[in-house]
Amino acid sequence: KMNGGESHKARRREGRGGIGSGRGSQGTLPYPAVGETRLAVPGFAAGVQAEYARRYAADLERVQQLLPETARWMDSHCHLESILARTWRGGGKPQVLASEALVDVYGLVASWPAGLDGCICNCVFRRLSKPDARVSEWGWIDENLHIFAIASSVSHRLWFTIGLHPHDADNWDSAAERKVRDMCVHPKCVAIGECGLDFFKHGRDEAEKQLRAFRGQVQLAVELNKPLVVHARRAEDLCMQVLSDLVPRHHPIHIHCYSDSVRHALQLCEQWENLRIGFTGSITFLPKNRPKGGGKAKAKIDSQLEGPEHTWDLLRCIPLSRMLIETDGPYMCPEPFRGQTAHPGHVHRVAEKIAEVKGVPLLEVMEATRESCRVVYGI
């Protein structure tokens, strides 16, 4: 069942983990590539990894054949720390451990399709992703700033954001504000967030602390003229209130992993001209044809926040020019790789689903979402 909370349920089921494999921009074979970290496995498991690598490489070859060589796209939102270190609930599943080679960031980037310009890595947890994690996302970015430096062989495909997720709102204080402010100086830091409100996984009794952290980061984004990445679940009125009170109409905003009402999405688009709505791999869990009960009727602005029909209505009603594609990797890996670790090399599958539902060419989706990434992030 697909509903407004499907993305969260999908996250709990699938978690974060290692990477698949595929062709890099230089025509390399599926990773792991020469010189990167490898996972020592028995012969059987090595065969499973090889088969997964073959499937991933075949998928990249397929999509590149659907598009001209000039086609470009971006993964506008992912979490590299969790992708690489497998610090998500699904990172320890047999499905992930058996089929995905453990790679470093260089092997990951080498596996991406030629048309993928890169990704925007969100660093939004001051606390550990899980108890046995070595570092938090904030610790990871501190240790890995070198990969974003000009001298790095992968920096041309990597950008990052800094902020504090609503799940970690307790950790918003003066030290956190200083950290975000200081990191925003980095030339590869393109936004503040994801930050916001989440009353899907949290009770309304936590509203005050979430609002404090959200308002603080929104004010900082406006002050520093940085784009804002918003995480909002079941918080339409409060989210609109905070944004209306604090954010100028021209300010760039990315509403990440959207699953709330169609009406709210359209209101957001109407009020902020440079606001874009992000969709993840969870939309690929839709059936190929419009869900039963939807018929040929026009998409409904007031549809309930449940069922695949709601997701279908979101994709039909929101203009393509206001959309972004994202993986939110390692979560919600798109079909046909559901349950594996999502990473930027899978984001074309999100674009393909949008094209299917809207009945437009895939290239049109790639061009529109790539332009929206420039509008919001300037890249």
Side-chain angles (χ1 to χ4, degrees), residues 10-67 75 78-116 119 129-130 132-134 153-154 157 280-282 284-285 288 327-353:
R11 287 182 178 187
R12 289 196 294 269
R13 285 193 299 267
E14 297 164 17
R16 283 182 202 175
I19 323 300
S21 43
R23 297 183 179 183
S25 60
Q26 304 304 315
T28 57
L29 292 174
Y31 62 77
V34 175
E36 71 188 41
T37 306
R38 293 175 179 266
L39 178 64
V41 293
F44 174 78
V48 174
Q49 286 189 1
E51 172 58 19
Y52 182 69
R54 184 201 63 76
R55 290 178 57 217
Y56 175 75
D59 190 51
L60 297 192
E61 182 174 0
R62 177 194 61 82
V63 75
Q64 292 282 192
Q65 290 176 351
L66 294 174
L67 294 164
D75 181 357
C78 70
H79 299 266
L80 288 179
E81 180 274 329
S82 299
I83 290 171
L84 296 168
R86 296 177 171 167
T87 52
W88 63 307
R89 292 190 180 188
K93 293 190 308 180
Q95 177 180 355
V96 170
L97 295 176
S99 60
E100 299 178 12
L102 187 64
V103 300
D104 59 17
V105 69
Y106 302 99
L108 175 62
V109 173
S111 78
W112 295 345
L116 178 65
C119 72
S129 299
K130 66 178 185 179
D132 59 344
R134 190 181 63 81
S153 63
V154 295
R157 299 180 89 178
T280 69
S282 65
T284 69
F285 308 156
K288 186 171 181 59
T327 58
D328 198 18
Y331 303 111
M332 299 170 289
C333 195
E335 293 285 10
F337 302 105
R338 188 175 183 177
Q340 303 297 151
T341 304
H343 64 82
H346 295 119
V347 76
H348 60 274
R349 283 283 180 171
V350 180
E352 288 184 88
K353 193 65 180 184

Stepwise side chain to side chain contact (heavy atoms under 4.5 Å, CB included) check, Arg338 with Cys333: CA-CA 5 Å; Arg338 188 175 183 177; Cys333 195; 5.6 Å; no

Point-to-point distance, once rounded to the nearest 0.5 Å, from CD of Glu100 to CZ of Phe337: 10.5 Å

For the student: nearest non-hydrogen atoms of Val350 and Pro334, plus distance: CG2-CG, 4.4 Å

Flag side-chain contact, heavy atom, 4.5 Å: Pro344 against Leu116: yes

Met332 side chain reached by Thr327 side chain, heavy atoms, under 4.5 Å: no

Contact summary for Ala133 and Thr87, nearest pair of heavy atoms: CB-CG2, 3.7 Å

Residues Asp59 and His348: side-chain donor-acceptor under 3.5 angstrom: yes

Distance in Å, Gln49 CD paired with Leu102 CG, rounded so as to fall on 0.5 Å steps: 9.0 Å

Donor-acceptor contact below 3.5 Å, side chain Lys353 vs main chain Gly281: no

Partner set under side-chain hydrogen bond (donor to acceptor under 3.5 Å, both in side chains) for Glu51, not counting sequence neighbours: Arg54

Side-chain heavy-atom pair Thr341, Val96 within 4.5 angstrom cut-off: yes

OG1 on Thr284 to CD on Glu352, rounded to 0.5 Å: 10.0 Å

Within-4.5 Å side-chain heavy-atom neighbours: Leu97 and Arg86: yes

Check: Gly345 main-chain N/O paired with His343 side-chain donor or acceptor under 3.5 Å: yes

Heavy-atom side-chain contact between Val109 and Ser111 under 4.5 Å: no

Backbone of Pro113 reached by a side-chain donor or acceptor of Gln64 within 3.5 Å: no

Within-4.5 Å side-chain heavy-atom neighbours: Tyr106 and Val154: yes

Side chain to side chain contact (heavy atoms under 4.5 Å, CB included) assessment of Val347 paired with Thr280: CA-CA 8 Å; Val347 76; Thr280 69; over 6 Å; no

Cys119 and Arg157, any side-chain heavy atoms less than 4.5 Å apart: no

Candidate pair Gln340 and Gln95, rule side chain to side chain contact (heavy atoms under 4.5 Å, CB included), full reasoning: CA-CA 7 Å; Gln340 303 297 151; Gln95 177 180 355; 3.0 Å; yes

